[in-house]
Amino acid sequence: MKPSTLKILHLDSNHPLLFAQLEQAGFENHQDFVSSKETVEAKIHEYRGIVIRSRFKIDRVFLDKAVNLQFIARVGAGLESIDTDYASAKNIALIAAPEGNRNAVAEHALGMLLSLFNKLNKADREIRSGHWNREANRGHELDGKTVGIIGYGNMGKAFARKLRGFAVTVLCYDILENVGDANAKQVSLAELQQQADVLSLHIPWTPETDKMVNQNFIDAFAKPFWLINTSRGKNVVTADLANALQSGKVLGAGLDVLEYEKSSFEHLFEEHDIPEAFRYLLKADNVLLSPHIAGWTFESHAMLAQVIVDKIKSMYLVD
């Protein structure tokens, strides 16, 4: 099929290069950033492809109406907002762009880790309040520590590369075999839990990873450890994390993602009530929070779009 006969519906705003380069390649591009899901469903049969971030879920109802759909391109790393099994059964190609923001995520994870080790967020707040507390803000050095990475794909590998400048031991655990490399030794989960001083999560949200970091998981670590989560919020049980922070089993946590997020990433809570566990995180000096921005730098904004363009073009043999 020639690009000129292929209509693509863009459901979220993205970097301008995405729309411009597809248009230049000959694709017919339409955009609809405001209509309800039901309105989009009424016209989705007209399109061969859609480009989306996280505006709404692509479920069976949507896919049944998308009778001519050939691909779904998500401008992001994960596909959890899409019924991937049903889409694949309908021979709809699924495109994501983990290559586009892996460096951004890795830098953010490292920044969070160093900030926690050196109590930078706490020290900054105290100085702004007129307090000069040196001993209370004595930090730790990363050198000599063992960093465990769970999920050794694009994000995990990028984080391991960032750690090469430190005298650390890096271990990785993944459900796939033989993914370790010169930057991280692949081990069993049990071995990682025995040795790690730091745990960094780089996993998707799946039935297997949902609520993975719970009380039993935390208790299995031989040593108190620091936790960094730049993956998905629902991979961690917040109440269990809060308990572990209070007991000292978790020494500190850097969380770019939260259990309470909506899938659109635009709002934090489904309801107005703030859970008690999150109230604790908000007050804890050894917790660093950011609003799901690890992979959302100015540079990755363009990179994500470019990866999507290149993958769509490659499907239709466009030079």
Side-chain angles (χ1 to χ4, degrees), residues 101-149 155 158-168 196-202 213 218 223-233 235-236 238-261 265-269 274-301:
N101 62 358
R102 59 190 173 189
N103 183 70
V105 170
E107 289 191 6
H108 195 95
L110 181 58
M112 281 191 141
L113 181 57
L114 293 175
S115 181
L116 286 171
F117 266 45
N118 293 283
K119 302 183 180 180
L120 296 183
N121 55 322
K122 174 176 177 288
D124 177 76
R125 286 197 304 267
E126 290 178 356
I127 289 178
R128 292 173 188 273
S129 299
H131 302 288
W132 187 262
N133 300 322
R134 296 185 69 236
E135 184 58 34
N137 288 301
R138 187 190 291 267
H140 297 270
E141 295 180 22
L142 188 52
D143 279 21
K145 304 296 190 298
T146 296
V147 179
I149 299 173
M155 309 301 174
F159 182 53
R161 285 194 295 271
K162 298 299 178 187
L163 293 169
R164 286 187 301 192
F166 298 88
V168 295
D197 300 294
V198 174
L199 171 62
S200 188
L201 301 178
H202 297 278
V213 180
I218 293 169
K223 298 181 285 186
F225 65 97
W226 282 267
L227 172 68
I228 305 294
N229 187 13
T230 54
S231 60
R232 288 295 184 263
N235 294 331
V236 176
T238 310
D240 292 349
L241 172 60
N243 289 336
L245 286 162
Q246 290 174 291
S247 71
K249 188 58 183 282
V250 173
L251 300 169
L255 307 174
D256 180 55
V257 290
L258 292 167
E259 181 181 2
Y260 317 107
E261 287 180 58
F265 307 146
E266 299 301 325
H267 303 284
L268 183 54
F269 299 110
I274 299 178
E276 190 60 36
F278 187 60
R279 291 183 188 275
Y280 174 80
L281 298 186
L282 291 174
K283 296 177 182 178
D285 286 331
N286 58 343
V287 173
L288 186 61
L289 304 170
S290 58
H292 206 135
I293 54 169
W296 198 238
T297 62
F298 288 101
E299 291 82 3
S300 71
H301 187 39

_Test side chain to side chain contact (heavy atoms under 4.5 Å, CB included) on Val105 and Phe159; report intermediate values, then the result._
CA-CA 8 Å; Val105 170; Phe159 182 53; over 6 Å; no
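- In this view, Phe166 satisfies the ring pair (Phe, Tyr, Trp, His ring centres under 6.0 Å) rule with no residue, not counting sequence neighbours.
- For Ala196 against Phe225, the heavy-atom pair with the smallest separation is O-CB, 4.1 Å.
- Side-chain atoms of Glu126 do not come within 3.5 Å of backbone N or O of Ala123 as any donor-acceptor pair.
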*Candidate pair Asp197 and Lys223, rule side chain to side chain contact (heavy atoms under 4.5 Å, CB included), full reasoning*: CA-CA 7 Å; Asp197 300 294; Lys223 298 181 285 186; 2.9 Å; yes
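- The CG atom of Asn101 lies 9.0 Å from the CH2 atom of Trp296; values are rounded to the nearest 0.5 Å.
- Between Trp226 and Phe117, the angle of the ring planes lies from 30° to 60°, which puts this pair in the tilted group.
- In this structure, CG on Leu110 lies 13.0 Å from CZ on Arg161, to the nearest 0.5 angstrom.
- Between Lys122 and Asn137, some side-chain heavy-atom pair lies under the 4.5 Å cut-off.
- In this structure the side chain of Leu142 reaches within 4.5 angstrom of the side chain of Leu113, judged on heavy atoms.
- With Asn229 contributing its side chain and Ser231 its backbone, the two residues share a donor-acceptor pair below 3.5 Å.
- Closest non-hydrogen pair, Ile149 versus His202, comes out as CG2-CD2, 3.7 Å.
- Here the side chains of Leu201 and Leu227 are in contact, with some heavy-atom distance below 4.5 Å.
- Considering only heavy atoms from C-beta on, Val198 stays 4.5 Å or farther from Thr146 through its side chain.
- Annotation: side-chain hydrogen bond (donor to acceptor under 3.5 Å, both in side chains) contacts involving residues 103-116, sequence neighbours excluded, comprise Asn103-Glu107, Asn103-Lys162, His108-Ser290.
- Between the CG atom in Asp256 and the CZ atom in Arg232 there is a gap of 9.5 Å [rounded to 0.5 Å].
- Closest heavy-atom contact between Leu116 and Ala253: CD1-C, 3.5 Å.
- Asp124 places no side-chain N or O within donor-acceptor distance of the main-chain N or O of Leu120, the cut-off being under 3.5 Å.
- Within 6.0 Å of atom CD in Glu141, 12 or fewer heavy atoms from other residues, nucleotides or ligands are found, so the atom counts as exposed in its surroundings.
- The shortest distance between side-chain heavy atoms of Val147 and Leu163 falls below 4.5 Å.
- A donor-acceptor pair under 3.5 Å is formed between the side chain of Asn286 and the backbone N or O of Leu251.
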Kindly list each side-chain donor-acceptor pair under 3.5 angstrom involving residues 274-285, sequence neighbours excluded, with atom names and distances?
unit_1 : atom_1 : unit_2 : atom_2 : d
Arg279 : NE     : Ile274 : O      : 3.3
Asp285 : OD1    : Arg125 : NH2    : 3.0

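- Val213 places none of its side-chain heavy atoms less than 4.5 Å from the side chain of Leu241.
- Panel note: side chain Thr230, backbone Ala294; no donor-acceptor pair is recorded below 3.5 Å.
- Taking each heavy atom of Ala104 and Gly295 in turn, the nearest pair found is CB-CA, 4.0 Å.
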